[in-house]
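Below is one structure, written out as structure tokens; comments come after it.
Note that the structure is a prediction, hence the values are computed from the model and not measured. No hydrogens, no waters, no symmetry mates; every other heavy atom, side chains included, goes into these values.
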Amino acid sequence: MAEEVVLFGTRGSPYTCRIEIALKLKGVQYKYIDEDLANKSPSLLKYNPVHKKVPVLVHNGKPVLESLVILEYIDETWQGYPILPEDPYERATARFWAKFIDEKCFPAIFKSCWGEEREREKAVEEVSVVLKILEDELKEKKFFGGENVGLVDIVAVVIGFSLGVYEEAARVELLNKEKLPRLCNWIDDFLSNSFIKESLPPRDKLIAYLRNRFRSGNASK
Amino acid sequence: MDEEVLLLGSWGSPFSRRVEMALKLKGIEYRYIEEDLTNKSPSLLKYNPVHKKVPVLVHNGKPVVESLVILEYIDETWKDHPILPKDPYERAHARFWAKFIDEKSSIAGFKACCWGEEKEREKAKEEAFEKLQFLENELKEKRFFGGENIGLVDITGNIIGYWLGVFEEASGVKLLTREKFPKLCNWADEFVSASAIKENLPPRDKLLATLRRRLGGANASK
């Protein structure tokens with residue numbers, strides 16, 4: 001049975017990256033379409049009329065939106081590598097941390113590097129608090145998902161990759177290696193995973209793009 | 001098998017009530033503990049150290065937090081009267097709309113429409129109308145967002161089904177009008193009439209009084 005999987009995304013967006021990681025972990029063949037967000041395609045607007053954003057996964061013509069929703073969809077649709085655990089309590093725990101990263105960590109990371117001047121200091125403090133919470137949650141595990149990469153690790157691409165890139169591009173230090181040894185180890189393991197490596201955008205290109213976009217004019221998301 | 005289900009909640013919170021609605025729909029017995037959010041109990045702080053918020057569902061001693069996460073947990077743990085559909089695509093669809101309702105601080109947005117400062121209010125109203133219009137369109141000819149029966153999106157939409165009306169009455173600001181949103185208004189009527197829901201709504205007068213006291217000029221806190 002022919003199956004068509006199309007991913008609309010932008011290289012450089014951690015949200016798009018998450019989906020590519022998940023599809024690769026599951027061994028799903030897909031077509032990738034890069035969107036120019038300054039000039040959105042008719043397809044994107046058709047598939048995501050509510051938010052007009054990427055990523056959008058289109059499976060046999062039917063669109064799925066919002067990265068966390070897409071990740072759950074991928075896990076439920078394709079067997080093989082499990083992204084979420086089986087046990088309901090562990091699933092709830094994974095979903096909690098995924099939300100935490102999205103709602104508390106990434107916005108603080110972004111603001112501390114690219115936010116308005118007066119917001120930045122407070123955001124840097126916030127980053128320190130949330131990263132410590134994650135450090136404590138990691139405990140002795142190799143990944144948030146345990147022995148293998150799971151939902152939380154995938155969602156945490158914003159920490160595993162984006163954080164370091166933003167630090168370099170904005171010349172801000174956020175990751176305190178003495179205070180966060182487990183998280184630093186996790187980042188190393190995260191970046192060593194072959195499926196993840198394949199899904200990451202080229203670092204230098206992203207740094208140049210970020211500097212150009214956010215330092216030369218208004219910061220817009 | 002002995003099972004202990006405990007819910008730490010707050011009587012006026014739609015987030016807390018969502019969990020009660022789901023437990024009721026599924027016929028799950030539980031013990032309820034009312035939290036005083038100005039004086040949080042050691043239990044709450046122990047079970048939800050990260051956010052220190054209600055609702056918290058404690059099942060056989062293990063805490064689950066965040067209302068949407070709890071709803072999914074309830075659906076996966078107790079299989080009768082499913083809240084989410086079976087099909088992955090329809091599940092994704094339901095999750096999308098649940099997120100949509102919750103996102104961009106739905107409650108804060110409605111409060112801003114009703115009690116915000118002049119400039120803030122106009123902008124908040126525009127956003128609220130846009131949001132309500134999307135939901136109106138999504139409802140189509142369905143009785144509930146979940147189809148024939150109440151589902152995840154309906155439960156999550158309790159803010160719109162009930163709380164919004166109370167905000168409107170407390171502040172005198174009208175948002176959900178029958179002219180603009182006929183389907184959504186019908187849905188709200190059906191929603192609050194459903195038995196599992198009716199029994200789990202905070203008393204209107206009490207909520208009105210609390211809102212008027214707290215928000216008639218003072219800052220709103222969640």
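- Using a 4.5 Å cut-off between heavy atoms, B/Arg95 contacts chain A through both its backbone and its side chain.
- By the neighbour-count criterion of 12 heavy atoms within 6.0 Å, atom NZ of A/Lys24 is densely surrounded, having more than that number from other residues, nucleotides or ligands.
- Of the possible polar contacts, one joining the A/Tyr89 side chain to the B/Pro63 backbone as a donor-acceptor pair under 3.5 Å is found.
- Contact annotation: the side chain of A/Pro63 never approaches that of B/Phe96 to less than 4.5 Å [non-hydrogen atoms, C-beta and beyond].
- Rounding to the nearest 0.5 Å places CZ of A/Phe96 at 13.0 Å from CG of B/Leu68.
- Other residues, nucleotides and ligands place no more than 12 heavy atoms under 6.0 Å from the CD atom of B/Glu126.
- For residues 121-156 of chain A, a heavy-atom distance under 4.5 Å to chain B picks out A/Ile133, given by residue number.
- Counting non-hydrogen atoms of neighbouring residues, nucleotides and ligands closer than 6.0 angstrom, the CD atom of A/Glu198 exceeds 12 such neighbours.
- Residue contact with chain A, scored on non-hydrogen atoms closer than 4.5 Å, involves the side chain of B/Phe134 exclusively.
- Closest non-hydrogen pair, B/Ala92 versus A/Val69, comes out as O-CG1, 3.3 Å.
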Legend entry - Test log, rule side chain to side chain contact (heavy atoms under 4.5 Å, CB included), inputs A/Val50 and B/Trp97: CA-CA 10 Å; A/Val50 175; B/Trp97 287 107; 3.9 Å; yes
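- For the atom pair B/Glu103 CD and A/His51 NE2, the distance stands at 5.5 Å (nearest 0.5 Å).
- With chain B as partner, the option from A/His59, A/Arg91, A/Arg95, A/Glu66 having the largest number of non-hydrogen pairs under 4.5 angstrom is A/Arg95.
- Under a cut-off of 6.0 angstrom, the local environment of NZ in B/Lys86 is sparse, with at most 12 non-hydrogen atoms contributed by other residues, nucleotides or ligands.
- Proximity to chain B at a heavy-atom threshold of 4.5 Å picks out A/Glu72, A/Tyr73, A/Glu76, A/Thr77 from residues 70-87 of chain A, in numerical order.
- Side chains of A/Phe100 and B/Glu66 form no contact here, defined as non-hydrogen atoms less than 4.5 Å apart.
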